[in-house]
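Following: one structure in structure tokens, then a few remarks.
Naming: A, B, ... by sequence-line order, numbering from 1 per chain. Quick note: numbers below take in every heavy atom, side chains included, and nothing from hydrogens, waters or symmetry partners. A quick note: this is a predicted structure, and the numbers were derived from the prediction, not measured.
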Amino acid sequence: MWQPKDFQHKVIEYYRKHGRKHLPWQGTKDAYRIWLSEIMLQQTQVSTVIPYYENFLQRFPTIVDLAKASEDEVMHLWSGLGYYSRARNLHKAAKKVADEFNGDFPKTQEEIEALPGVGRSTAGAVAAFAFDQSTAILDGNVKRVLARCYGIEGWAGKASVLNSLWQRAEANTPDTHTAQYNQAMMDLGAVVCTRTKPKCDTCPLSDKCYALKHDMISALPGKKPKKARPKRAVYWLVCLQNDQVVLHKRPPSGIWGGLWCFPEIEQSQSEPEHQQKLDSFLHKFSHYDLEVQPLLVKNIADTGIMEPNQIDTFALNEIAEIGLPTPVSKLLQTLAEN
DNA sequence: GAGCCGTGGGA
DNA sequence: TTCCCAAGGCT
């Protein structure tokens with residue numbers, strides 16, 4: 001079993017030799033940029049984030065610029081990245097920093113974690129990367145490395161397992177060089193200790209790895225127990241008038257909160273009067289499947305499903321700077337082409 | 001504690 | 001094709 005001092009030494013040495021040092025959010029101590037990257041990277045892979053990160057920073061160079069923006073514009077720049085509550089919380093947090101901290105990003109882990117959308121791990125990452133504090137992180141990469149190295153069994157969604165992982169993460173976090181250590185732990189998980197086919201022959205921790213020794217690499221970390229995914233079927237009402245399209249802004253909570261979509265009704269309701277059925281398609285979420293049947297309708301008011309104040313119209317060939325979920329964006333594109 | 005919240009890519 | 005899940009947090 002690795003002792004913390006030896007573990008830290010091996011990990012930091014790995015960083016010096018093989019760590020990632022040229023990602024767009026590295027090489028800066030700007031807490032705003034580091035925080036932005038950490039939020040975008042939640043449950044999202046590096047290669048997906050990079051173009052969004054660059055684009056976002058170009059439009060909002062400082063947190064005060066972000067605080068002053070409209071929610072629609074923030075959602076627009078987030079469109080396609082998913083988990084849209086992250087964007088709404090990001091905007092709220094920016095306003096909080098502008099108002100309560102005079103635009104100066106808070107520096108203690110407690111204050112950082114009090115920002116909406118920032119949990120324990122993200123706060124630890126920002127405090128370590130931006131302010132060189134000795135704060136632990138526990139993302140999916142670190143969980144995998146620790147679970148395998150120390151033989152921590154069970155699914156991390158269970159509180160007892162999560163507590164064990166945090167305990168080990170805290171115990172192993174060094175007092176100094178914490179930014180390098182944290183970066184190296186994520187690099188190890190992302191590059192070496194991968195979910196399948198880990199590269200144990202190049203791993204600095206393989207000497208004393210519990211999973212390698214006990215042939216439990218595929219069993220660790222423990223997997224989430226799976227359940228059947230329900231299917232939901234809806235109509236999307238596509239109403240085109242003079243190159244304008246009718247969209248509906250969804251309520252702030254729930255799926256695609258704050259984004260603009262076609263007016264939607266359950267297929268279990270009666271089928272609305274329509275001119276034409278467009279091609280149906282299936283959109284898969286993590287926890288259910290959405291079967292979408294778009295219907296071309298003459299006039300939304302005729303269907304009687306939407307209050308007029310819940311809808312607005314946009315130019316079809318030049319959609320305004322608003323947030324659109326991916327399948328809506330794709331459908332709009334095919335409509336504009338025809 | 002358990003469910004919710006997007007999307008894209010790998011195996 | 002189908003399953004899994006990735007720099008998690010909120011309710």
*Rounded off to whole Å, could you give me the NE2-to-P distance for the His283(A) and dC5(B) pair?*
12 Å
*Within a reach of under 6.0 Å around NE2 of His283(A), are more than 12 heavy atoms found that belong to other residues, nucleotides or ligands?*
yes
*Measure from CD1 on Ile39(A) to C1' on dC5(B) and round the result to the nearest Å.*
15 Å
_I'd like the C1' distance from dG9(B) over to dG9(C), given in whole Å._
23 Å
*Distance, rounded to the nearest Å, where Met40(A) contributes CE and dT7(B) contributes P*: 15 Å
*Does some side-chain heavy atom of Tyr52(A) sit less than 4.5 Å from a side-chain heavy atom of Trp78(A)?*
no
*Hey, which of these two, Ser160(A) or Thr196(A), hits DNA chain B nearer its 5' end, going by closest nucleotide?*
Ser160(A)
*Hey, which of Glu271(A), Gln267(A), Glu264(A) is the one that makes side-chain hydrogen bond (donor to acceptor under 3.5 Å, both in side chains) with Tyr235(A)?*
Glu271(A)
*Using a cut-off of 4.0 Å on non-hydrogen atoms, how would the nucleic acid contact of Ala159(A) be classed: base, sugar-phosphate, or nothing?*
sugar-phosphate
*Checking all strands, does Gly254(A) fall into the base, sugar-phosphate, or nothing category for heavy-atom contacts under 4.0 angstrom?*
sugar-phosphate
*For Phe285(A) and dG8(B), give me the distance from atom CZ to atom C1', rounded to whole Å.*
14 Å
*asked:* Check this for me: Asp215(A), atom CG, are more than 12 non-hydrogen atoms of other residues, nucleotides or ligands nearer than 6.0 Å?
replied: no
*Measure the distance from NZ on Lys284(A) to P on dC5(B) and round it to the nearest whole Å.*
17 Å
*asked:* Just checking Asn102(A): does its CG atom have more than 12 heavy atoms from other residues, nucleotides or ligands closer to it than 6.0 angstrom?
replied: no
*Looking only at atom C1', what distance separates dC10(C) and dG1(B), rounded to whole Å?*
14 Å
*When we call it a touch if two heavy atoms are under 4.0 Å apart, what does Pro327(A) touch: a base, just sugar-phosphate, or nothing?*
sugar-phosphate
Check residues 109-119 of chain A and write down every donor-acceptor pair under 3.5 Å in which the side-chain atom is one partner and the other belongs to a residue at least two apart or another chain.
| unit_1 | atom_1 | unit_2 | atom_2 | d |
| --- | --- | --- | --- | --- |
| Glu111(A) | OE1 | Thr108(A) | OG1 | 3.2 |

*What's the CG-C1' distance between Leu77(A) and dG6(B), to the nearest Å?*
17 Å
*Atom CG of Leu290(A) to atom P of dG6(B): distance rounded to whole Å?*
12 Å
*What does nucleotides 5-11 of chain C look like as a protein-contact string, B for base, S for sugar-phosphate only, - for none, at under 4.0 angstrom between heavy atoms?*
SBBBSS-
*Spacing of Lys158(A) atom NZ relative to dG3(B) atom P, expressed in whole Å*: 14 Å
*Which value, in whole Å, describes the distance between the C1' atoms of nucleotides dA6(C) and dC5(B)?*
14 Å
*Taking the same atom, C1', in dC4(C) and in dG6(B), what whole-Å distance lies between them?*
15 Å
*asked:* Between the side chains of Glu73(A) and Arg59(A), is the shortest nitrogen-to-carboxylate-oxygen separation below 4.0 Å, so that they form an ion pair?
replied: yes
*asked:* At less than 4.0 Å, is any side-chain N or O atom of His287(A) found next to OP1 or OP2 of dC5(B)? Yes or no.
replied: yes
